[in-house]
Amino acid sequence: MPARLDVYADLIVHVGANLQPGQTLFVNAGPEHVELARAIARSGYEAGAAYVDVRYVDQHVRREMIELGPEEALAASPDWQIARAAAVDGNALVMIAGEAEPELLADLDQERVGRARQRAVIETMLKLQNERAVNWTIAAYPTAGWAEEVFGEPDVDRLWEAIASTVRLDEEDPVGAWREHTARLRARCDQLDSLRLDALQFAGPGTDLTIGLLRESRWIGGGIDTRDGIPHVPNLPTEEVFTCPDARRAEGTIRSTRPLALGGTIVRDLEVTFAGGEITGVKASSGEAAVRAQLATDEFAKRLGEVALVDGESRVGQKGLTFLNTLFDENATCHIAWGSAVLFSAPELVGLEPDELRARGANVSAVHTDFMVGGPEVSVDGITGEGKRVPILREDEWQLS
């Protein structure tokens, strides 16, 4: 375990965040992630970090706040937390995922669960990420509770093996394997950019949705560069190519193909309807109230900020597991996100004021939530400005050559 943990930490620091000598390394974790946080700290200092700052957030404390705290506590953003979020500017950030109890909040008032978001902290972080001001990554650490949700038993070793495979730790040279993988994703982005698509259409059981694409946006996959030219991989694992949609143009209905872990609640059988770019209908067999509350965070949360394509070659998808963790499930299949735009795919828009961004079709919100909408039964077509249809995905197979 220690050897694997150290290799994983090095991958997170050197490939994910790509920490540079002299940078401060910020780490956000839960108490259950302490072993990985410590390994990341060691790897960070070995890589030349000026300082490693680790913050732990206890989800049980958050539960008590949601259940018993006053109304104003739900969105409270203390000044020191906003300042810490702002301090990542020009530095490196690692966020560790992996809920110890994925349904810890399922028995609480779901409307309060959906509103329990530190809006000012989140807005600060989203702004810096969109401005490419920080080299950041999200990686996961297996826990017994998470393994119980996935396998029906707390088999942490089995979950470790699954995670290790998806992040290519099973390769003789994981860093080299990542270089090859990210190059393949970038080649797909070049294919899509050359088509100059105006829209995408998703079609399948319960799904017929057309999403307009932002003219200024390009496709991104395999990582991004900061404004200072530091390449990094925001998600470990990553199997997606994604772009920024036009928040004014989405029409139709789409059905989620995998459960969505939404901050301590599992949303199942989600179905979302759009008209004029805005979500006008939501249905789910569980977690519907939490979704509706999150969509009420601000008036722009109901519009799209990302659309991403993933095919059947995905290492995550090939595991045949529902991880009940968005970091993994969104890299198993296609997904879209309501809320804030992924502006780093449209660099010419970065720096514009929120009202101007919205006027040009790029959404600005305190929310960004991905949910999974792809699979073998869902086809994806590109639509050019001249109305030509281009098959992109059929039965989970990439159609472009």
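Just so you know, residue 1 is the first one in the sequence shown, and it goes up from there.
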Do the side chains of [X] and [Y] get close enough for a salt bridge, i.e. N-O under 4.0 angstrom?
{"X": "Asp208", "Y": "Arg255", "value": "no"}
{"X": "Arg188", "Y": "Asp311", "value": "yes"}
{"X": "Glu171", "Y": "Arg315", "value": "yes"}
{"X": "Arg394", "Y": "Glu377", "value": "no"}
{"X": "Arg112", "Y": "Glu71", "value": "yes"}
{"X": "Glu161", "Y": "Arg4", "value": "yes"}
{"X": "Asp193", "Y": "Arg186", "value": "no"}
{"X": "Lys127", "Y": "Glu131", "value": "yes"}
{"X": "Asp246", "Y": "Arg249", "value": "yes"}

Just by distance, with hydrogens left out, do [X] and [Y] show a side-chain donor and acceptor under 3.5 Å apart?
{"X": "Glu149", "Y": "Asn325", "value": "no"}
{"X": "Tyr141", "Y": "Glu35", "value": "yes"}
{"X": "Thr273", "Y": "Thr253", "value": "yes"}
{"X": "Thr226", "Y": "Asn135", "value": "no"}
{"X": "Thr384", "Y": "Asp198", "value": "no"}
{"X": "Gln118", "Y": "Gln81", "value": "yes"}
{"X": "Asn235", "Y": "Glu330", "value": "yes"}
{"X": "Gln110", "Y": "Thr265", "value": "yes"}

Assess the pair Trp146 and Phe151: is the distance between their ring centroids shorter than 6.0 Å?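 No, too far apart.
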Checking the side chain of [X] only, and the main-chain atoms of [Y] only, is there a donor and an acceptor separated by less than 3.5 Å?
{"X": "Asn91", "Y": "Thr24", "answer": "yes"}
{"X": "Ser314", "Y": "Asn331", "answer": "yes"}
{"X": "Arg115", "Y": "Ala296", "answer": "no"}
{"X": "Arg389", "Y": "Gln201", "answer": "no"}
{"X": "Gln20", "Y": "Asn18", "answer": "yes"}
{"X": "Ser43", "Y": "Ala39", "answer": "no"}
{"X": "Ser256", "Y": "Leu270", "answer": "no"}
{"X": "His33", "Y": "Gly30", "answer": "yes"}
{"X": "Gln399", "Y": "Glu397", "answer": "yes"}
{"X": "Asn363", "Y": "Ala341", "answer": "no"}

Ring pair (Phe, Tyr, Trp, His ring centres under 6.0 Å), that's the test. Do Trp338 and Phe300 meet it? Break it down for me. CA-CA 9 Å; Trp338 62 67; Phe300 306 103; over 10 Å; no
Considering all heavy atoms, the nearest [X]-[Y] contact:
{"X": "Val316", "Y": "Pro237", "answer": "CG2-CG, 3.7 Å"}
{"X": "Leu357", "Y": "Val364", "answer": "CD1-CG2, 3.7 Å"}
{"X": "Thr143", "Y": "Ala100", "answer": "OG1-CA, 3.4 Å"}
{"X": "Leu214", "Y": "Arg360", "answer": "CD1-O, 3.2 Å"}
{"X": "Arg303", "Y": "Gly276", "answer": "NH1-O, 3.0 Å"}
{"X": "Gly277", "Y": "Glu251", "answer": "N-OE2, 4.1 Å"}

Does any part of the side chain of Gln294, heavy atoms only, come nearer than 4.5 Å to the side chain of Thr297, both counted from C-beta?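 Side chain of Thr297 against side chain of Gln294, heavy atoms only: contact under 4.5 Å found.
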Pairwise side-chain contact, Ser379 with Leu393, heavy-atom cut-off 4.5 Å (strictly under):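 Side chain of Ser379 against side chain of Leu393, heavy atoms only: no contact under 4.5 Å found.
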When you look at CD of Glu111, are more than 12 heavy atoms from neighbouring residues, nucleotides or ligands closer to it than 6.0 Å?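 Count over threshold, so yes.
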Parallel, tilted or perpendicular: which one describes the rings of Trp136 and His232, with boundaries at 30° and 60°?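 Rings of Trp136 and His232: tilted, 30 to 60°.
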Apply side chain to side chain donor-acceptor pair (under 3.5 Å) to the pair Ser365 and Ser340, showing each step before the final yes or no. CA-CA 5 Å; Ser365 170; Ser340 192; over 6 Å; no
Applying side chain to side chain contact (heavy atoms under 4.5 Å, CB included) to Val342 and Phe242, what does each step give before you reach the verdict? CA-CA 9 Å; Val342 283; Phe242 64 92; 4.0 Å; yes
